[in-house]
Amino acid sequence: MNSKKKEILKILLTLFVVALVVANSLVYYFRIDATEGKIYTFSEASKQVLGGIPDNINLTYYRSDSVRKIPYLARNLNLIEDQLNEVRRLSKNKIDIKIVDPIKENLVQKMQSIGIPSQQINQNSTGSAQQNIFFTGIELEYGKKTSVIPFVFNTNNLEYELIKAISSLISQDNKQVGIIFGDDSSDIATDYPVLAALFQNGGYDWGIIEADTKFFDDYTGLLVVGGKHLDDADLVVVDQFVMSGKPVVMLVDILDVDLSNEQEPLHPEYQFDKPVFAFLEKYGVKTIKHPVLDVSSKKIPQLVQMGNSVGYPNDYLSIRLLPENANHLHPMFMNFSGLGMQWAGAFELEVPEFEIPEGIDSRPTLTSLLTTTNKSWLGVHNEVIDPRFWQQIEQSAMGAQRGAYSTVVTAQGYFESAYKGNDIPSKPGTDPIFDSLIEYNDDINLVVFSNTRFLTGLVQYMNTVRPSITMAQNIFEWLANDEVLMQVRLKENRNMELSKIQDNAKSELLKKATLWMNVLVFPLLVLITMIVVLVIRSRKKLRRFEK
């Protein structure tokens, strides 16, 4: 065989080997995640969940084609699909993925029934504005069980949302979190829609705790929402749950405002004399008896009936709590993105003095988890709190001392029962439900929020719906001791996409150009290079032969 034929054979064999490598990579492949945030690298906890799926899960990504016309969403589509494909690979193909346009498939009514709400986009057509709806959400089906991720806009929290939904589907036991409502709430869906949405999609059991000790074994954690109607007979039940060493979260309104009378200036209604605040003081959480105002305050509209219509006649004050003022070391505040609280109150911390028994190394520890900005100030106790008089409020704050104030705090370590040394309280005419009290525990985990309103319907007017839902999720995962989901949250979820190209048409053009470069231009350059090398070698051999 002459040298020319040998060179041609080498080229053909090289191309054949390249083709085999490409074909093999479609079945067996690996990749290196070089992104700064490791957005394609799933946490070990996620891999364990995905690798342990016993039976097939059907995942349907409901995405309207019109999403491609929304620049800030279109840029994320490939990232979302890549992450879904990674989920399928890690599940060893036990997750079957479909992408469906609900509008083309006439599934709009189904979207409403399964809990994927429509979104609106304003588009210009022949000079006039038109409003079109679109959908972007995920439904997972596992046997007869379903779970829904109602909003899928990017990959920032997609891993967490998917693992939460899958864990809920394949788990044999629902998470048990007990709830006590200590205010006027009668309907959770009406009064606390953020919590209601969490219960619907989170796989949590809930119920109002009865005055009975059996719930110590039934629930992994306790949530107390509101406190103005709780007396000592109720609070001793909370106290003993705290003393059992299980996590407890209390949300109490230090001050409230009656919005029913639009004609009168708004005055805060203080709750300082309620038993719940004397109870918290036994754990070192003392109430500051002044409203807290802040430069980060927002104005939010209050929806009221105006004759035959509904309107927003006035704005009401809300404190905006910022991520930089949170303690991100606490699991509940990992990846905290902000929160809106209406008429915030605040706490000051004072460690109680206990005689700690011998052999116990734990000490009572009080920590602030979330504060206002350092430019906030305390309002006058009897001051009008009404944005219609905001200039007056600003003037009264001219000489006020500025500083950060704690709105969420935690008590951890060794604490004694708030009722140690006292008679066990009971309802009038009834016997105490406890024969004796747990008097101390060296592993207390109590978290106290100074407001309940971020879980109510008011969040929709404060641009904090998503952060409020995320905060509620954090609370329940901490109370449920859901270690898998907390580990997933440890992974920082950042949007690392290149987004300098804002024009959607230019972005699509770049994608097409990149595609052709990869499938045509680069292989063609390789082939041309090989031919050139072949020609050069042939000429060199020809010269040597002529010599």
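Sequential numbering from 1 along the given sequence is applied to the chain's residues.
Between the side chains of E159 and S43, a donor-acceptor pair is found at a separation under 3.5 Å.
Without hydrogens or angle criteria, S167 side chain to K164 main chain gives no donor-acceptor distance under 3.5 Å. Between the T371 side chain and the A404 main chain, no donor and acceptor come within less than 3.5 Å of each other. Using a distance-only test at 3.5 Å, with no hydrogens or angles considered, a donor-acceptor pair links the side chain of H328 to the main chain of P323. Between the side chain of S417 and the backbone N or O of Y419 there is at least one donor-acceptor pair closer than 3.5 Å. Side-chain N or O atoms of S376 include one that pairs as donor or acceptor with a backbone N or O of G403 at under 3.5 Å. Checked by atom type and distance alone, the side chain of T410 never pairs as donor or acceptor with a backbone atom of N445 at under 3.5 Å. Remark: the backbone N or O of Y219 is paired with a side-chain donor or acceptor of K246 at under 3.5 angstrom. Between the side chain of N474 and the main chain of M332, a donor-acceptor pair closer than 3.5 Å is present. Between the S406 side chain and the V408 main chain, no donor and acceptor come within less than 3.5 Å of each other. Counting only distance, with no hydrogens or angles, the side chain of D253 and the backbone of T452 share a donor-acceptor pair below 3.5 Å.
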Q: Would you please test L437 and V236 for side chain to side chain contact (heavy atoms under 4.5 Å, CB included) and show each step?
A: CA-CA 9 Å; L437 297 179; V236 71; 4.0 Å; yes

Q: Apply side chain to side chain contact (heavy atoms under 4.5 Å, CB included) to the pair E281 and V285, showing each step before the final yes or no.
A: CA-CA 5 Å; E281 194 164 332; V285 181; over 6 Å; no

Q) Taking it one step at a time, do L235 and V276 satisfy side chain to side chain contact (heavy atoms under 4.5 Å, CB included)? A) CA-CA 7 Å; L235 291 167; V276 67; 4.1 Å; yes

Q.
F153 vs N76, test: side chain to side chain contact (heavy atoms under 4.5 Å, CB included). Steps then yes/no.
A. CA-CA 7 Å; F153 296 133; N76 296 317; 5.6 Å; no

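Proximity of R320 to D294: side-chain heavy atoms (C-beta onward) are nowhere separated by under 4.5 Å. Looking at heavy atoms from C-beta onward, T287 lies out of side-chain contact with L280 at the 4.5 angstrom threshold. For the pair V252/L230, no side-chain contact is recorded, criterion being any heavy-atom separation below 4.5 Å from C-beta on. Inter-residue side-chain proximity for Q83 and F42 is flagged as met; some heavy-atom pair is nearer than 4.5 Å. I254 has its side chain out of reach of K289: every pair of non-hydrogen atoms, C-beta onward, lies at least 4.5 Å apart. For the pair P117/F151, a side-chain contact is recorded, criterion being any heavy-atom separation below 4.5 Å from C-beta on. Looking at heavy atoms from C-beta onward, N451 lies out of side-chain contact with T407 at the 4.5 angstrom threshold. Inter-residue side-chain proximity for N325 and T373 is flagged as met; some heavy-atom pair is nearer than 4.5 Å.
Between F415 and Y283, the ring planes are tilted. Angles from 30° to 60° get that label.
The environment of CD in E353 is sparse: at most 12 heavy-atom neighbours from other residues, nucleotides or ligands sit within 6.0 Å. No more than 12 heavy atoms of other residues, nucleotides or ligands shown are found within 6.0 angstrom of CG on D361.
In this structure, F449 has its ring center under 6.0 Å from that of F454. With ring centers used as reference points, Y414 lies under 6.0 Å from Y440.
Pairs engaging residues 422-431 under the side-chain hydrogen bond (donor to acceptor under 3.5 Å, both in side chains) rule: D231-K427, D234-K427 [sequence neighbours left out].
The only member of I80, L158, V148 that meets side chain to side chain contact (heavy atoms under 4.5 Å, CB included) when paired with I138 is L158.
Taking every heavy atom of both residues into account, P247 and F241 meet most closely at O-CE2, 3.9 Å. Contact detail for L349 and S368: the closest heavy-atom pair is CD1-N, 3.9 Å. Contact record, A233 with P425: N-CB, 4.0 Å, taken as the closest heavy-atom pair. Between V248 and W478 the shortest heavy-atom distance is O-CZ3, 3.9 Å. Of all the heavy atoms in I70 and F134, the pair that sits closest is CD1-CE2, 3.6 Å. Here the shortest heavy-atom pairing between F272 and I288 reads CE2-O, 3.9 Å.
In this structure, L369 CG and N327 CG are separated by 5.5 Å, a value rounded to the nearest 0.5 Å. Once rounded to the nearest 0.5 Å, the distance linking CD of Q240 with CD of E439 reads 9.0 Å. To the nearest 0.5 Å, atoms CG (L251) and CG (L223) are separated by 5.5 Å. Note that OH of Y405 is 10.5 Å distant from CH2 of W377, once rounded to the nearest 0.5 Å. Rounded to the nearest 0.5 angstrom, L140 CG and S147 OG are separated by 6.0 Å. Going from atom CG of L370 over to atom CG of L321 covers 4.5 Å, rounded to the nearest 0.5 Å.
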